[in-house]
Amino acid sequence: MSRSALIENVTAMLADAGFTVSDRCVIRPKSFDVAARRGDDLVFVKILANVDGLDAPTGAEMRRLGHYLHGTPLVIGLRTRDQELEPGVVYFRHGVPVISPDTALDLFLEGVPPLVYAAPGGLYVNIDGDVLADEREERGWSLGRLATELGVSRRTVSKYEDGMNASIDVAVKLEEVFGDDLTSPVDVIDGADEVRDADPTPEDPEADPADQPIVTVLTRAGFDVHPTVRAPFKAVGEDTNRPEGLLTGHSSLTDAAVKRASIMGSLGRVTRTRAVYFVDESSKQSIDGTAIIERDELESIDDPEEFRDLLQERGDDAETEA
């Protein structure tokens, strides 16, 4: 299957599952292909045939975007090296959860979350330690008795009851011993934080010197500005006074810039942020919901509220002027 066909299939599946899906991010470089929202659940999805194509800088940026825009970075792919991704298993690349299209379909369309995750050494499951302890105590078994049944140490059983996860083999033995499934699902939407081994949110890259004047003005207007290097926007702004984000871009208003501004408008609607594109000169005031502001206008604004009002006025005018 070609990557384009794979992207079409995945976006169609997300739409069928009730997600609002953004326009595809077709401008390179790009850290994700689409953003999708269902209720409060927001995902930034990278779709790859071979998930090893996700490199460390892209993974770091996806995680930053997930943090600043309150969403989950996610890779949906077919294989790793020469091996197909197993259905029902969550993998990780550079701290980003990775699942197959079948796993995504089960999760998003059927409401069946995965139970297994891959980590160094094999496949593992979440054990509900409280349920395990209750089951053991109901039988009147000691830690040693259960350890003997499972073929592990007493200390290991104690760790399972304290929340340590177990291998597939141990999970099967537990089910055979107690006749119940003691596993709990892997929470992909929350980034599978309970099982992934990831560092804190990666630090922001340095702002391009050419972006610094705009960063300065946005900071003065009350935004914490986080530069990007692979997204279809130049930066994410976190409003320090309101629960509203900002996607920004800037360049001359070329055909490529119009396309980028249109994508930003679509992403803004899905991520519930405002989008603004700064240009040297333009007769347009908005492009598909992205506010267009000339640099001279921006630099002449001293009042943060004046900037917010201008942003809202132009962003709410979704018509592209001739």
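This is a predicted model, so every value here is computed, not measured.
- Annotation: side chain of R139 is in contact with side chain of V177 (closest heavy-atom distance under 4.5 Å).
- Partners of S158 by side-chain contact (heavy atoms from CB on, under 4.5 Å), not counting sequence neighbours, listed by chain and number: L143, D162.
- In this structure, Q212 contributes its side chain and A207 its backbone to no donor-acceptor pair below 3.5 Å.
- For T271 and T273, the side-chain atoms include at least one donor-acceptor pair closer than 3.5 Å.
- Side-chain atoms of T80 and D52 form a donor-acceptor pair, as typed in the model, at a separation below 3.5 Å.
- Between E297 and R314, at least one side-chain nitrogen of the basic residue sits less than 4.0 Å from a carboxylate oxygen of the acidic one, meeting the salt-bridge criterion.
- Under 4.0 Å is where a charged nitrogen must lie from a carboxylate oxygen, and between R3 and D33 at least one such pair does.
- Panel note: side chain E61, backbone V229; a donor-acceptor pair is recorded below 3.5 Å.
- For T72, there are no side chain to side chain donor-acceptor pair (under 3.5 Å) partners two or more places apart in sequence or in a different chain.
- With ring centers used as reference points, F108 lies under 6.0 Å from F19.
- Partners of E135 by side chain to side chain donor-acceptor pair (under 3.5 Å), not counting sequence neighbours: none found.
- Residues forming a salt bridge (charged side-chain N to carboxylate O under 4.0 Å, His left out) with R79 (at least two apart in sequence, or on another chain): none.
- S100 is linked by a side chain to side chain donor-acceptor pair (under 3.5 Å) to T103, counting only residues two or more places apart in sequence or in another chain.
- Put simply, the side chain of F307 reaches to within 4.5 Å of the side chain of L218, judged on heavy atoms.
- Among residues at least two apart or in separate chains, there is no side chain to side chain donor-acceptor pair (under 3.5 Å) pair with a member in residues 166-175.
- Side-chain N/O atoms of Y277 and S282 include no donor and acceptor closer than 3.5 Å.
- Although no hydrogens or angles enter the test, the distance criterion places a donor-acceptor pair under 3.5 Å between the side chain of T290 and the main chain of A261.
- Taking the centre and axis of the six-membered ring of F223, the NZ or CZ atom of R308 falls inside the cone set by 45° and 6.0 Å.
- Checked by atom type, the side-chain pair D55/H94 shows no donor-acceptor distance below 3.5 Å.
- Each of D204, T228, T201 was compared with Y68 under the side-chain hydrogen bond (donor to acceptor under 3.5 Å, both in side chains) criterion, and only D204 meets it.
- N165 and Y160 share no donor-acceptor pair across their side chains, judged by distance under 3.5 Å alone.
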